[in-house]
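Residue indices begin at 1 and follow the sequence shown.
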Amino acid sequence: MLSTKPKECPARLLAQARQQPRVTTVVINPVNEVSLASARMASEQGLIEPILVGDIETMRRQAEALDWPLEQVRLVHAADETEAARLGVALVSQGEAHSIMKGHVHTDILLRAVLNKAAGLRTDSRLSHVFYMTVPGTDKALCITDAVINVQPSVLDKLHIARNAVGFMHALGNHEPKVALLSGTEEVSKSMPSSQDAAELVKLAAMGALPGAVVEGPLAFDNAVSPEAAAIKGIKGKVPGQVDILLVPNLESGNFLFKQMVYFMGATAAGLVLGARVPIILTSRADPPEARLASCALASLYCAHQTATVMVPVS
């Protein structure tokens, strides 16, 4: 039942990212083979200009084993993962880097450094994660949010999560993404809180809280992704069967969903943490190289969009 399809980094995504300038990226504590190899791969593909923050002796030893000369790479010494996170975030705060890549560091330690008020990377938005899912043989993407950070989000949390995801899709060139608010039913029911949350979010979207998107729900998964299922059930709208973003009820449901796509369909799960001043490439030890590379490509396009937005003159 498990997919044996080889993983792919979407060719069009990689080609688009290569057209952008390299993004100076702090790599937090890349002191093991997989994290250092990921930084090298993204650098060689022309996506990032890495700054490696960690124990220099260990990084040099690992790089030597990978046959990666570090003479042209900036190295910043840190005694442990906590110091690496603090120093890496400080480099971003000082304007010396424009994205963050997770190396061999616990996620909570990295995000704690990002959220430290003194670091200056916090915004008015809540942090959330977006998975950009693609299957071999196609560039069509389906975004899943949030399957990593927000465990049991409230309606307000979901509003932030949706805004981050919509902004992410705008950065990729989709100026009106279709958002499905997932639940186990299309009917609003007191016995299913996610359906009530979805109904509230639809109201907020109608009031202008989610500009630049089509937001519908509650929708069950089959009706969100399948026009046939939606037609059979008589469910109308712009989102059913045409969805771009699946906003899941909670972390567990999103976690199950994206892993099912990875292991049953051979999908590549690239993704970013959004809501801070810069994108955070949050890779997992189990991620294949293709997913790591695709995540760096997403960060490149997101940073290019941020730069272009800042440079647009106010009329």
Side-chain angles (χ1 to χ4, degrees), residues 1 125-135 140-170 174-265 267 269 271 274-275:
M1 186 176 289
S125 180
R126 185 176 182 85
L127 292 188
S128 65
H129 185 276
V130 176
F131 271 119
Y132 182 90
M133 309 294 301
T134 54
V135 296
K140 171 64 177 175
L142 180 66
C143 290
I144 300 172
T145 191
D146 179 353
V148 174
I149 294 178
N150 293 281
V151 178
Q152 195 68 44
S154 66
V155 171
L156 181 58
D157 295 336
K158 289 178 180 179
L159 182 60
H160 283 273
I161 291 168
R163 283 175 177 166
N164 287 343
V166 168
F168 171 75
M169 292 303 286
H170 289 173
N174 185 338
H175 301 298
E176 194 176 52
K178 297 175 176 64
V179 183
L181 307 173
L182 291 188
S183 185
T185 176
E186 289 75 41
E187 302 295 332
V188 179
S189 170
K190 291 182 179 180
S191 63
M192 195 168 294
S194 60
S195 70
Q196 295 180 299
D197 288 358
E200 185 65 25
L201 285 167
V202 168
K203 290 179 183 178
L204 291 171
M207 295 168 60
L210 280 170
V214 178
V215 182
E216 296 177 1
L219 287 169
F221 177 79
D222 57 343
N223 303 316
V225 300
S226 169
E228 291 82 7
I232 289 170
K233 296 182 179 180
I235 298 170
K236 301 186 182 300
K238 295 181 179 180
V239 174
Q242 305 294 326
V243 66
D244 298 303
I245 300 169
L246 297 174
L247 197 153
V248 297
N250 52 42
L251 186 147
E252 288 111 318
S253 58
N255 186 277
F256 297 155
L257 176 56
F258 99 83
K259 287 180 178 175
Q260 286 171 349
M261 292 185 67
V262 169
Y263 287 97
F264 289 165
M265 300 174 63
L274 305 171

_Do Leu159 and Leu201 have side chains that approach each other closer than 4.5 Å (heavy atoms only, starting at C-beta)?_
yes
*Which atom names give the shortest non-hydrogen contact between Ala199 and Val188, and what distance separates them?*
CB-CG2, 3.7 Å
_Rounded distance [0.5 Å steps], NZ in Lys236 versus CG in Asn223_ = 12.5 Å
*Any side-chain heavy atom of Asn250 sitting closer than 4.5 Å to one from Val151?*
no
*Among Leu247, Leu257, Leu182, which one satisfies side chain to side chain contact (heavy atoms under 4.5 Å, CB included) with Ile144?*
Leu257
*Over all heavy atoms of both residues, which pair between Ser226 and Ala229 is shortest? Give the atoms and the distance, please.*
OG-N, 3.0 Å
_Considering only residues two or more places apart or on different chains, which pairs with a residue in residues 209-246 satisfy ring pair (Phe, Tyr, Trp, His ring centres under 6.0 Å)?_
none
*Criterion side chain to side chain contact (heavy atoms under 4.5 Å, CB included) against Pro249, the qualifying member of Ser194, Pro153, Pro218*: Ser194
*Could you list all the ring pair (Phe, Tyr, Trp, His ring centres under 6.0 Å) pairs where at least one residue sits in residues 231-260, not counting sequence neighbours?*
Phe131-Phe258
_Test log, rule side chain to side chain contact (heavy atoms under 4.5 Å, CB included), inputs Gln242 and Val214_ = CA-CA 11 Å; Gln242 305 294 326; Val214 178; over 6 Å; no
*In Å, rounded to the nearest 0.5 Å, how long is the span from NE2 of His129 to CG of Leu251?*
10.5 Å
_I'd like to know if the side chain of Ser125 pairs up with that of Asn164 as donor and acceptor (distance under 3.5 Å, no hydrogens or angles considered)._
yes
*Between Leu246 and Ala224, what is the shortest heavy-atom contact and its length?*
CD2-CB, 4.0 Å
*Shortest non-hydrogen contact from Ala180 to Val239?*
CB-CG1, 3.8 Å
*Is the count of non-hydrogen atoms from other residues, nucleotides or ligands lying under 6.0 Å from Lys203 atom NZ greater than 12?*
no
*Please identify each residue that fulfils side chain to side chain donor-acceptor pair (under 3.5 Å) with Lys238, with sequence neighbours left out.*
none
*Is the His170 ring parallel, tilted or perpendicular to the His175 ring (thresholds 30°, 60°)?*
tilted
*Donor-acceptor under 3.5 Å (Ser183 side chain, Leu219 main chain)*: no
_Working to the nearest 0.5 angstrom, can you tell me the gap between Met265 CE and Gln260 CD?_
10.5 Å
*Hey, does Leu204 have a side-chain heavy atom less than 4.5 Å from the side chain of Leu210?*
no
*How long is the gap from CG on Asp157 to CD1 on Ile149, to the nearest 0.5 Å?*
11.5 Å
*In Å and rounded to the nearest 0.5 Å, what is the NZ to CG distance from Lys178 to Asp244?*
6.0 Å
*Partner residues of Arg126 under the side chain to side chain donor-acceptor pair (under 3.5 Å) criterion, sequence neighbours left out*: Asn150
*Answer yes or no: is there a donor N or O on one side and an acceptor on the other, between the side chain of Ser195 and the main chain of Ser189, under 3.5 Å?*
yes
*Which residues satisfy the side chain to side chain contact (heavy atoms under 4.5 Å, CB included) test with Ala231, sequence neighbours excluded?*
none
*asked:* Minimum heavy-atom separation for Met169 and Ile245, please, with both atom names.
replied: CG-CD1, 3.6 Å
*Contact summary for Pro177 and Val166, nearest pair of heavy atoms*: CG-CG1, 4.1 Å
*asked:* Return the CD to OG distance between Glu200 and Ser154, rounded to the nearest 0.5 Å.
replied: 11.0 Å
*Can you list every salt bridge (charged side-chain N to carboxylate O under 4.0 Å, His left out) pair that touches residues 183-197, not counting sequence neighbours?*
Lys158-Asp197
